[in-house]
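Every chain is numbered from 1 and lettered A, B, ... according to where its sequence line falls, protein lines coming before strand lines. Heavy-atom basis, side chains included; hydrogens, waters and symmetry copies ignored.
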Protein chains: 2
Amino acid sequence: MELIAERGYRRTSLAAVAERAGLTQQGLLHHFPTKELLLIGVLEARDRWDAAAAAAGTWRTGTLAQLVDYNATRPGVVQTYTVLSADSVTEDHPAREFFETRFRAVREALAGALRAEFGDTLPGGLTPERAAPLLVAVMDGLQLQWLLDPENVDMPAAFRDFLTLLGSVAGQDDEPAEGPGQETAEEPGAGTG
Amino acid sequence: MELIAERGYRRTSLAAVAERAGLTQQGLLHHFPTKELLLIGVLEARDRWDAAAAAAGTWRTGTLAQLVDYNATRPGVVQTYTVLSADSVTEDHPAREFFETRFRAVREALAGALRAEFGDTLPGGLTPERAAPLLVAVMDGLQLQWLLDPENVDMPAAFRDFLTLLGSVAGQDDEPAEGPGQETAEEPGAGTG
DNA sequence: GTCTATAATAAGATAGAC
DNA sequence: GTCTATCTTATTATAGAC
């Protein structure tokens with residue numbers, strides 16, 4: 001995960017991963033026979049690590065704001081997710097199905113969360129199902145801008161601005177816009193994951 | 001551009017570009033001495049091609065909605081932009097400065113457009129400067145979801161939903177949500193470009 | 001389970017002829 | 001301006017010893 005965050009999947013060599021892990025390339029290939037299987041192993045590991053965050057039934061917009069706060073303290077993890085998810089749209093990418101499935105699940109989970117918090121109708125006459133992809137898009141899009149220019153893009157504040165547009169009060173009273181991050185909360189998760 | 005759209009920058013070989021262009025790898029290297037300079041040439045070419053769209057003084061939210069319509073008819077171009085912009089956040093990427101500068105310019109241009117259309121105050125008490133990164137984020141984030149799952153993500157409709165949240169009327173009367181695209185309008189431009 | 005050794009390939013780049 | 005030929009390096013993957 002560290003190396004993919006730094007260099008992206010394609011530029012990350014098995015030799016580099018092996019070195020960081022403290023064994024040889026061939027030792028690494030004993031556990032993951034191909035580079036592709038290693039990538040899938042990484043994604044599955046992050047999924048397991050994100051198990052708590054994936055308990056979507058308990059998500060609220062305030063939870064999401066805290067997740068964005070947390071992400072703002074972990075640029076490496078955010079970069080992993082951003083680079084890998086975009087890379088996955090290319091032909092025959094081993095992670096394509098993973099992200100396709102994941103985005104669908106996240107949209108559904110967030111739609112459920114929005115419905116639980118706001119009911120069937122949101123500002124502008126939107127349904128939770130129509131607002132969910134926007135919520136996901138804002139999280140991912142802000143991450144890209146923030147990774148490129150953290151000095152000029154206040155990701156947590158911008159996300160709360162969007163929640164304000166959605167009609168949530170979490171944007172105003174939930175957390176200071178540019179707080180110290182959730183240093184205490186050890187909840188993981190990057191991007192919409 | 002075509003090949004980068006299909007495979008991403010790193011997976012695109014000089015030999016493949018040369019073949020598509022109808023010359024040998026060495027003939028290509030005569031015009032672009034390194035692969036990095038070729039990438040910069042591609043980005044500059046797209047900038048020139050986007051010159052019309054970059055006349056930001058004339059942008060309005062309706063224009064942006066039409067741009068999203070157009071993008072929905074050109075998955076290859078959108079993919080180029082999505083893959084490349086995300087890839088650019090990795091260490092020492094040759095296009096990093098290009099995208100950093102470009103995102104900053106686009107945010108400023110869109111802030112100006114929002115101010116021209118809505119004045120200094122938007123819904124939720126947002127300023128144009130605070131809404132602009134959200135607008136960019138929604139465009140980019142929707143592109144990623146749409147590229148991964150075009151059957152389930154109606155990018156133009158979702159973008160108009162966001163415009164509705166921003167208080168624009170363009171979302172209702174400007175264009176059918178899932179139109180045939182702007183086949184006549186030859187205006188180019190992918191992503192926030 | 002980890003190692004050394006070694007394929008087998010593919011890539012970016014250079015030299016020099018025409 | 002384009003070509004053939006070649007260099008150099010990096011990468012994924014395999015074979016087989018310990």
### Query
What side-chain hydrogen bond (donor to acceptor under 3.5 Å, both in side chains) pairs are there with at least one residue in residues 34-43 of chain B, not counting sequence neighbours?
none
### Task
Output all residues satisfying salt bridge (Lys or Arg N to Asp or Glu O under 4.0 Å) with B:Asp92, sequence neighbours left out; order by chain, then residue number.
none
### Query
Near DNA chain D, which residues from residues 84-99 of chain A have a heavy atom under 4.0 Å away?
none
### Query
Under 4.0 Å: is that the gap between some side-chain N or O of B:Thr24 and OP1 or OP2 of D:dT2?
no
### Under 4.0 Å protein heavy-atom contact, by nucleotide of nucleotides 7-18 of chain C - B base, S sugar-phosphate only
----SBBBB---
## Note on the structure
So ring pair (Phe, Tyr, Trp, His ring centres under 6.0 Å) across residues 4-24 of chain B, not counting sequence neighbours, yields B:Tyr9-B:His93
### Residues in salt bridge (Lys or Arg N to Asp or Glu O under 4.0 Å) contact with B:Glu2, at least two apart in sequence or another chain
B:Arg20
### Summary
Those residues at least two apart in sequence (or on a different chain) that pass side-chain contact (heavy atoms from CB on, under 4.5 Å) with B:Ser13 are B:Ala15, B:Ala16
### salt bridge (Lys or Arg N to Asp or Glu O under 4.0 Å) against B:Glu129, all qualifying residues, sequence neighbours excluded
B:Arg115
### Message
Among residues at least two apart in sequence or on other chains, which ones pass salt bridge (Lys or Arg N to Asp or Glu O under 4.0 Å) with B:Arg11?
### Response
none
### Task
Look at B:His30 and D:dC3 and indicate whether a side-chain polar atom (N or O) is within less than 4.0 Å of OP1 or OP2.
no
## Note on the structure
To the nearest angstrom, the NE2-P distance between A:His31 and D:dA13 comes to 16 Å
### Message
In this structure, how many angstroms lie between the C1' atom of D:dT12 and the CG atom of A:Leu39, rounded?
### Response
15 Å
### Query
When you look at A:Glu108 and A:Arg104, which way does the salt bridge (charged side-chain N to carboxylate O under 4.0 Å, His left out) test go after all the steps?
CA-CA 6 Å; A:Glu108 283 173 20; A:Arg104 212 170 295 170; over 6 Å; no
